Each structure stands twice: as structure tokens, then as C-alpha cells.
There are 2 protein chains.
Amino acid sequence: MDLTVTTADLAAVAADAVRLVPGKLLDPVLAGLLLEAGPRGVVAAATDRDRAARLECPALVHTEGRVLVPAKPLAETLRALDLPQVRLVVEGSRLAIRAPGARFALPLLDADSHPGVASLPRVVGSVDASVLTSALGVVAATASRDDALPMFTGVRMRAEGDRLVVLASDRYRLAVASLPWEPTGEAFDAMIPATLLLEVARQAPDGAQVTLHADGDRVGLAWHHAVVTTSLLDAGFLHESKVSVSDVDTTVEVDADAMAGAVRRVSLYADTRGTLRLEVGDGEVWLRGADQQAGEAEESVKAEVSGGRTSPTFQSRFLVDALKAFAGRRVRIELQPGLRATVFRAADEDPTDLRYLVVPIMPRT
Amino acid sequence: MDLTVTTADLAAVAADAVRLVPGKLLDPVLAGLLLEAGPRGVVAAATDRDRAARLECPALVHTEGRVLVPAKPLAETLRALDLPQVRLVVEGSRLAIRAPGARFALPLLDADSHPGVASLPRVVGSVDASVLTSALGVVAATASRDDALPMFTGVRMRAEGDRLVVLASDRYRLAVASLPWEPTGEAFDAMIPATLLLEVARQAPDGAQVTLHADGDRVGLAWHHAVVTTSLLDAGFLHESKVSVSDVDTTVEVDADAMAGAVRRVSLYADTRGTLRLEVGDGEVWLRGADQQAGEAEESVKAEVSGGRTSPTFQSRFLVDALKAFAGRRVRIELQPGLRATVFRAADEDPTDLRYLVVPIMPRT
């Protein structure tokens with residue numbers, strides 16, 4: 001293999017591959033990046049058996065070939081170079097990265113023992129990258145990071161006619177959005193690791209279309225010159241219909257940023273559980289926190305209020321996350337009595353119909 | 001106590017006090033900030049018995065008074081407020097921070113049990129803040145962070161006529177600078193905690209004069225409206241004369257940033273000890289790294305070379321630190337044979353006469 005490539009292009013491809021498939025450190029083959037130089041450029045592929053990624057990069061190929069090299073060292077070397085172009089050439093048992101006055105030589109791993117990257121399942125639809133990215137930024141971040149409960153570490157994606165419903169919950173709160181998409185008509189209902197979707201949201205550029213692929217075992221996402229596939233998580237019982245929102249007795253409309261600022265300040269005085277009380281007044285809501293050690297705080301936020309006077313208690317960090325999802329906008333907060341979920345949604349038109357549900361907790365008496 | 005103050009001013013004073021005296025969490029009195037409102041404004045004082053700080057803040061005082069409140073909650077509340085002004089008023093057993101539509105109430109601690117802040121020792125001299133800050137940025141960062149060896153966690157400051165010598169070492173490298181200052185003529189030789197000096201360097205504004213104060217037990221630094229004092233560390237044997245630089249046989253002059261970039265790249269291929277070899281050639285130096293797992297790397301940097309061909313091996317992170325101290329400049333590197341120290345200094349005029357010594361390590365055979 002012998003090729004010349006724009007350093008930044010191959011650096012981005014190698015870094016993206018490492019981020020999509022963090023790899024198993026214990027197995028050098030699975031920590032490797034498979035590079036295939038062909039007439040159309042170079043294709044980089046990585047897999048940890050669960051996940052797989054394949055990314056294309058234009059290159060001037062002098063001699064075709066196929067090598068497996070340690071992925072992270074390759075990515076780090078390319079990132080550290082501040083030269084416009086770089087040459088990759090196989091020299092004996094090494095892949096040499098050559099630049100004027102410098103040579104970096106990575107050991108070749110056994111490419112033949114690499115399991116390769118499976119092909120994509122069939123297409124189920126496609127969605128605009130910026131719409132998907134915006135929704136996943138909230139929904140995927142709501143999933144749990146606790147691998148001991150894997151069914152809460154995923155995002156459920158479900159086809160519902162011309163809408164794609166994305167949903168995640170860590171049991172304390174639930175975020176659900178409904179996106180416009182172009183379905184092929186195939187059934188689609190998959191639980192996908194949230195960490196992978198957050199990375200896809202980071203990489204898929206605005207303006208691109210992301211195509212979704214699925215069969216019974218695997219799901220894939222593809223955009224521009226990148227493809228990633230993963231095995232599915234168990235969808236379990238995660239479904240928005242599990243949460244009742246039929247009993248709303250109070251509705252509050254506030255500026256999300258103003259309320260987030262007040263929550264941030266009052267939460268400095270939260271008790272050891274980190275809780276705040278939300279009290280609905282006339283034309284305003286009050287946030288109150290009190291702790292034997294820290295003292296007390298209260299702050300009011302202007303609001304349009306209708307209905308009863310339900311006053312739930314929340315963990316302040318969940319309030320912060322819920323309000324952040326509507327940053328720069330007005331948010332409508334629908335309260336239900338007792339410990340039933342509170343719903344946050346945009347007060348104005350929202351093409352993704354994002355709803356953020358937070359479960360209040362029992363106030364201390 | 002009752003006063004109105006510019007929020008940003010008091011927020012800065014409270015945050016600076018917390019950073020100068022991080023406080024002992026186990027003792028609420030020492031975790032407190034003493035606020036004294038008088039005719040000239042408000043004075044904030046903190047101490048952990050070893051260190052003490054006193055900072056002045058202009059304020060419109062309605063009623064004078066003296067209170068002790070938890071320092072960090074006060075600093076965090078003031079930082080979180082986005083209002084130009086705020087009112088502090090004692091209400092029963094609370095210090096209330098009042099703003100329109102908001103009230104934050106901190107518990108009052110027992111001000112009478114606070115040990116207070118000792119007065120400054122006598123003046124020994126003064127130094128320009130930007131000169132001191134620039135030298136401490138390198139020298140104080142070279143001190144050890146390992147509290148198990150307290151004599152290496154300090155910076156030795158010593159009067160030598162019209163120069164102030166500052167010196168620190170963590171045993172693997174040593175940084176020493178000689179600053180112009182205005183001495184009073186008093187003897188001055190003190191070992192000061194490096195973390196405190198780094199914080200002073202962060203806070204003392206460019207253009208200010210920092211006055212140094214000392215007696216046999218304590219040292220103090222004062223600028224603008226801020227004063228900090230600390231008890232001394234044991235100066236021990238830390239002295240620049242302990243390191244011999246009499247045997248230089250090779251001198252290399254390079255662009256510090258170009259060499260730092262090469263070190264960063266080649267160090268990706270360093271062995272498990274993180275070492276690189278520096279080889280002096282004709283009109284260039286080569287950096288070489290090799291590891292059984294990572295592969296090999298070599299990169300050359302243009303250099304003016306004179307003298308022998310000594311080729312020492314370094315831990316790459318110490319090379320990075322040494323070169324960072326001369327960022328944006330050309331650096332002269334003086335090599336001695338064997339495991340004797342290598343000296344880095346500016347190739348051009350340097351008013352602080354900064355020298356950075358790194359001890360090579362034994363190459364693996």
C-alpha cells in the first residue's frame with residue numbers, strides 16, 4: 001500500500017472511526033483500523049463485534065493494498081501533524097507515515113484475522129441530519145449511563161407513518177420527540193445505544209440526510225461517506241404510553257432561560273437530596289430551596305399561569321436538564337397533582353414535538 | 001450590617017478569597033468569610049491558620065457591622081446572580097442577599113470565634129506584577145504537587161541585591177529566574193507554597209506592584225486591595241548551586257514551538273517510560289522514539305549546532321514543559337555529557353534570565 005492523502009481528511013476519518021467504535025483494548029485486532037486503498041481512495045473500517053463503522057476518504061493511491069494498524073496511535077499521529085499532506089506507505093512490517101524530515105512507523109497487525117465489517121441491513125427511511133441531531137441532543141442525553149441497567153442506556157426509535165418517534169428515559173425523566181422523516185414503509189422499532197447516537201449527532205453534518213437501516217438484529221445509520229452499524233438493545237417496556245399525562249390541573253408558561261437561571265441560583269440552597277419546590281403564584285412561579293446548613297433561598301420568575309395551584313418538588317438537576325432542552329424559547333409546563341409526571345414542551349410551534357417529562361419527588365415534611 | 005454593593009465586585013472578592021484560602025471543610029469557622037462593613041466599604045477576610053487573606057471591596061454601607069458566613073456558598077450565590085447590584089442585610093440569624101424577586105439567606109456563623117487575620121510582616125521589597133506573574137507561571141509550575149515531600153512543593157524566593165531570585169524543583173527538573181525588583185535592603189530568603197504563588201500570579205493585575213513582606217515565620221504578598229500571608233515551608237537544600245552546569249559540550253539553538261511540536265508527535269511513539277532520544281546532527285536535531293508496541297518515530301528540527309555530539313534521553317513531558325517556558329521564542333539548549341543536567345534558556349535577551357534544567361535519564365540498552 002502506498003498513498004498520498006490530505007492530512008486533515010484522513011485525521012478526521014481516523015478520529016471519527018475511533019469515536020464511533022471505541023474498541024476493546026484487550027484485543028489488538030479489534031483495536032485496529034483496517035485501511036483499504038483502492039481506485040476510489042481509502043476506506044477505513046473498525047469493529048468491536050457489537051459495533052462497526054466504515055468511512056471513506058479520498059486519496060491519491062500509488063499502490064493498492066489492505067493493512068490493519070492500531071487505530072488510536074494512527075489517529076493521534078495524524079491529528080498532531082501540521083502538514084497539508086502526508087504519505088502512507090508499507091515498509092516491511094510497518095506502515096510508515098512520511099512527511100518531510102519525519103517518519104512515524106506503526107506496526108502492521110494481522111489483517112486476515114480481522115472479522116471485517118458486515119453490510120448494512122435494508123433501508124427503513126431517512127431523516128434530515130440537523131433535525132435528528134437537535135432531537136438526539138436532548139433525547140439521547142436523557143438515557144441512563146448506568147450499564148447495569150442496559151435497557152435504560154438506549155434510545156427507542158420507532159416508525160409511526162411519516163413520523164419517526166425517538167424516546168429515552170433513565171426512569172426519573174423521559175424525553176420523547178416526533179420527527180418528520182421519509183419512511184420506506186418497512187416496520188421499524190429499535191433500541192439503539194444512546195452513546196452511539198450522540199456520536200452520530202456529533203458527526204453527521206447539517207444539511208446531510210441520515211438513512212436508517214434495520215433488520216431484526218442490527219440497525220445502521222449512514223450519511224455522506226460514513227456508515228455505522230450496531231446490534232440492538234432490548235427495547236423492554238420503555239414506551240411513552242406508560243406515563244399518564246391525563247390529569248393536568250395547572251399550566252405555566254415561562255421563559256426557559258430565566259427559569260433555568262433561577263433554578264441554578266436557588267439550587268445552591270437545596271437540601272442534601274438536591275430538591276427545590278416549585279410554587280405557582282399569580283403571574284409568577286416561585287422556586288424555593290432550604291437546607292439546615294446552607295440556609296434558604298427563594299426566587300420568582302414571571303409566568304403566565306392557568307389552573308390550580310399544584311406545587312411539586314423536584315431534583316434541581318432534572319429541572320435544569322428539562323429547561324436546557326428549550327433554551328432560548330418559552331416553555332409550557334403542565335403540572336399534575338401528587339407525584340405524577342410534569343410535562344415540559346415548547347410554548348410555540350415545535351417541528352419535533354419535543355416533550356420532556358420529569359417525575360416529582362416526595363417533599364420532606 | 002446593611003450594605004449595597006456592585007455584584008461583580010463582591011463576587012470577585014469572595015471568589016478570590018476562596019481561591020487564596022481554600023479553607024478547611026471540617027471547621028465551619030475556618031470555612032467562613034469574615035465580612036466587615038465600615039465607612040470605606042467592606043473588607044473580606046479568610047484564614048485556615050496557615051494562610052490568611054484580606055480583600056477590600058467598595059460598597060455603600062447603610063449600617064456598619066461584622067459577620068461570618070460560609071465562604072463558598074456566598075461566592076457561588078454572588079457569581080450566579082446576573083444583576084448589577086445586590087443588597088446584603090442581616091436579618092435575625094441570617095445574612096440575606098436581596099435582589100428584586102429573590103432572597104438568598106446564609107446562616108451566620110460565630111464571628112467571635114474566628115481567629116482573625118494577622119497583620120503583614122515588614123516590607124522587604126516590591127516587584128512588577130507582570131514580571132512576577134510571567135516568572136511564576138514557569139517556576140511555580142515546576143514545583144512538585146506531592147505533599148509527601150513538602151520541601152519540593154514550594155518556590156524559594158531570595159533577595160540578591162537588586163535581583164529577586166525565584167527557584168523551584170521537583171527533583172527531575174529545576175526552574176530558576178532572576179527578576180528586577182526594588183528591595184528595601186532587608187534580608188529575604190523564604191520558601192513559599194507554589195500553589196499560593198500560582199494563585200497570586202492569577203490574581204495580581206498587570207501594571208500593579210506586588211510588595212513582598214517577611215519575618216522569620218511568615219511571608220506576605222500585597223497588591224491593590226488584596227493581602228495574603230502564609231507560614232513558610234522548610235527551604236531545605238533547594239539551591240541552584242546544587243546543579244553543576246560547568247561541563248557543557250554541545251549547544252543547540254532552535255525554535256521552541258517547532259521543537260515542541262516535534263516532541264509532541266514523536267512522544268506518541270515513546271516507550272513505556274515515556275522517553276525520547278535527542279540526537280544532535282549537522283544543522284538539525286533529531287528526536288527519536290521507539291516502543292515495541294507503538295512502533296518508531298523520528299523527526300528533525302532545524303537548529304544551529306555547535307560543539308560535541310552528546311545525545312541525551314529525556315522523559316518527553318519534561319521536554320514539553322521546558323520548551324513551553326520559551327513558547328514563541330528561540331531557545332538555547334546546553335547539553336552536558338552523561339546524566340548531567342541539560343539547560344534551556346532564551347537565545348535572545350531575557351529580562352528574567354529564566355533557566356530551565358532537565359535531568360536526562362539512562363537510555364535503555
Side-chain angles (χ1 to χ4, degrees), chain A residues 28 31 69-70 72-83 86 91-109 257-258 260-270 281 283-302, chain B residues 28 31 69-70 72-83 86 91-109 257-258 260-270 281 283-302:
Chain A
V69 291
K72 279 184 192 173
L74 175 68
E76 287 171 359
T77 303
L78 291 168
R79 193 183 56 164
L81 285 168
D82 46 10
L83 294 160
V86 75
E91 297 175 353
S93 65
R94 294 284 188 262
L95 177 68
I97 305 167
R98 284 193 165 278
R103 175 180 180 273
F104 306 90
L106 291 164
L108 295 183
L109 307 172
D257 295 344
V263 167
R264 210 174 56 242
R265 287 183 286 274
V266 174
S267 67
L268 297 171
Y269 297 76
E284 62 191 5
V285 291
W286 282 90
L287 291 156
R288 291 187 208 278
D291 179 65
Q292 222 172 353
Q293 296 266 311
E296 312 89 37
E298 54 186 22
E299 186 166 339
S300 68
V301 183
K302 270 189 210 165
Chain B
V69 291
K72 279 185 193 170
L74 175 69
E76 287 172 359
T77 303
L78 291 167
R79 191 183 57 165
L81 284 168
D82 48 10
L83 293 160
V86 76
E91 297 175 351
S93 64
R94 294 286 188 263
L95 177 69
I97 304 166
R98 284 192 165 278
R103 176 181 180 272
F104 306 90
L106 292 163
L108 295 182
L109 307 171
D257 295 343
V263 168
R264 210 174 56 242
R265 286 183 286 274
V266 174
S267 68
L268 297 171
Y269 297 76
E284 63 191 2
V285 289
W286 283 90
L287 291 156
R288 293 187 206 278
D291 180 64
Q292 222 172 354
Q293 295 269 310
E296 311 89 38
E298 55 186 22
E299 187 166 338
S300 68
V301 183
K302 271 189 208 164

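Sequence lines set the chain letters: A, B, ... in the order given, protein chains first and strands last, and positions in each chain run from 1. The shown structure was predicted, so the numbers you read here are calculated from the model rather than taken from an experiment.
Heavy-atom pairs under 4.5 Å with chain B peak, among A290(A), A102(A), A105(A), at A105(A). When each of Q292(A), Q293(A), R94(A) is checked for heavy-atom pairs under 4.5 Å with chain B, R94(A) comes out on top.
With salt bridges taken as basic N to acidic carboxylate O contacts below 4.0 Å, none links D82(A) and R264(B).
Of the two parts of L95(A), neither the backbone nor the side chain holds a non-hydrogen atom closer than 4.5 Å to a non-hydrogen atom of chain B. Looking at E284(B), there are no atoms closer than 4.5 Å to chain A (heavy atoms on both sides), in backbone or side chain. Of the two parts of L268(B), only the side chain, counted from C-beta on, holds a non-hydrogen atom closer than 4.5 Å to a non-hydrogen atom of chain A. Heavy-atom distances place both the backbone and the side chain of V266(B) under 4.5 Å from chain A.
Between I97(B) atom CD1 and R265(A) atom CZ the span is 12.0 Å, to the nearest 0.5 Å. Once rounded to the nearest 0.5 Å, the distance linking CD of E296(A) with CG of L106(B) reads 9.0 Å.
Heavy-atom contacts from other residues, nucleotides or ligands closer than 6.0 Å to CZ of R103(B) number more than 12.
Pairing each heavy atom of F104(B) with each of A297(A), the nearest pair is CD2-CB, 3.3 Å. For the residue pair P107(A) and A294(B), the shortest heavy atom distance occurs at CD-O, 3.5 Å.
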